[in-house]
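Worksheet: the structure to be examined is printed underneath.
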Amino acid sequence: APDAPAVASTPDAPQAAAGTVGGDGSAITLDVLTAQELGGAGLEGELACSFSEHDASGPLLHAMGAVASDAPALGVVKVAGYIEPIRAPGGFDGMTRNPTFTGQGKTIRIVETGAATAGGESPPRPATLTYLRADGASRTFDGQWQCGP
């Protein structure tokens, strides 16, 4: 009897691991951006913000913007292996607190879920990244949001 719950939950494991809800049933996949991909993205701005999952080797979302600027912050995400541009209004200042990024067929919301986890000029803060696809699908990732030089 103690083994029964594990056996019963096994068929649901792949679907639960994907984490995508709604839409056409296809999974939302965000890949870690490499340093080479970030360098090739051509992002310009004084300061950057990035979202990383806990213990990840790099960011899932990276954006740069100018301080005190009306120009949008520009960023990138890697969706199922493809680098795609995103933007958020208000330059760097618009990214520092719970920003919403938009791109073709997607909206991405960052929501801070707690206080900074370290000191310094640009400490990481616990946050969620929710990817909303145009077909109604969504997936939320837990991690941290960090902004600064």
Side-chain angles (χ1 to χ4, degrees), residues 9-10 12-149:
S9 65
T10 303
D12 298 332
Q15 186 175 2
T20 303
V21 179
D24 65 9
S26 61
I28 292 171
T29 304
L30 289 183
D31 301 317
V32 170
L33 293 154
T34 67
Q36 183 177 1
E37 289 165 342
L38 292 175
L43 300 177
E44 295 181 9
E46 298 165 312
L47 297 172
C49 292
S50 62
F51 179 88
S52 301
E53 288 185 289
H54 299 294
D55 302 323
S57 58
L60 294 180
L61 180 157
H62 185 81
M64 296 188 75
V67 176
S69 172
D70 291 333
L74 301 178
V76 289
V77 289
K78 188 174 176 183
V79 182
Y82 294 94
I83 305 290
E84 298 183 5
I86 54 172
R87 57 181 43 225
F92 174 76
D93 303 316
M95 292 192 294
T96 59
R97 292 277 182 242
N98 301 327
T100 297
F101 292 90
T102 56
Q104 186 174 351
K106 70 183 89 35
T107 300
I108 299 172
R109 293 193 183 115
I110 305 291
V111 176
E112 292 180 12
T113 57
T117 56
E121 185 180 2
S122 53
R125 299 176 183 277
T128 58
L129 178 157
T130 301
Y131 186 108
L132 304 152
R133 198 167 58 202
D135 70 354
S138 69
R139 180 175 176 190
T140 299
F141 298 81
D142 286 316
Q144 60 188 20
W145 184 241
Q146 187 166 10
C147 293

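As the structure is a prediction and not an experimental result, all values here were calculated from the model.
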When rounded to the nearest 0.5 angstrom, what is the spacing between [atom1] in [X] and [atom2] in [Y]?
| X | Y | atom1 | atom2 | answer |
| --- | --- | --- | --- | --- |
| Met64 | Glu44 | CE | CD | 9.0 Å |
| Glu53 | Asp142 | CD | CG | 8.0 Å |
| Thr100 | Leu132 | OG1 | CG | 9.0 Å |
| Leu47 | Asp93 | CG | CG | 8.5 Å |

Taking every non-hydrogen atom, the tightest pair across [X] and [Y]:
| X | Y | result |
| --- | --- | --- |
| Cys147 | Ser122 | O-CB, 2.7 Å |
| Ala80 | Asp31 | C-OD2, 3.6 Å |
| Ser50 | Pro59 | CB-CB, 3.9 Å |
| Ile86 | Val76 | CG1-N, 3.7 Å |
| Leu33 | His62 | CD1-N, 3.9 Å |
| Glu84 | Lys106 | OE1-NZ, 2.6 Å |

When you look at CG of Asp24, are more than 12 heavy atoms from neighbouring residues, nucleotides or ligands closer to it than 6.0 Å?
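Yes.
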Phe51 vs Trp145 aromatic rings, parallel, tilted or perpendicular, using cut-offs 30° and 60°?
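Taking Trp145 first and then Phe51, their aromatic rings sit tilted (interplane angle of 30° to 60°).
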Trace of the side chain to side chain contact (heavy atoms under 4.5 Å, CB included) decision for Phe92 with Cys49:
CA-CA 8 Å; Phe92 174 76; Cys49 292; 3.8 Å; yes
Verify whether one side chain among Thr130 and Thr140 offers a donor that lies under 3.5 Å from an acceptor in the other.
yes
Would you say the side-chain atoms of Arg133 and Thr20 include a donor-acceptor pair closer than 3.5 Å?
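Absent: no donor and acceptor within the cut-off.
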Going by heavy atoms in the side chains, are [X] and [Y] under 4.5 Å from each other?
| X | Y | result |
| --- | --- | --- |
| Leu30 | Val79 | yes |
| Leu60 | Val77 | no |
| Pro72 | Pro89 | no |
| Glu112 | Asn98 | yes |

Pick one: which of Thr107, Leu74, Ile110 meets side chain to side chain contact (heavy atoms under 4.5 Å, CB included) with Phe101?
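Result for side chain to side chain contact (heavy atoms under 4.5 Å, CB included) with Phe101: Ile110.
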Pair Lys78-Val32, side chain to side chain contact (heavy atoms under 4.5 Å, CB included): steps then yes or no
CA-CA 7 Å; Lys78 188 174 176 183; Val32 170; over 6 Å; no
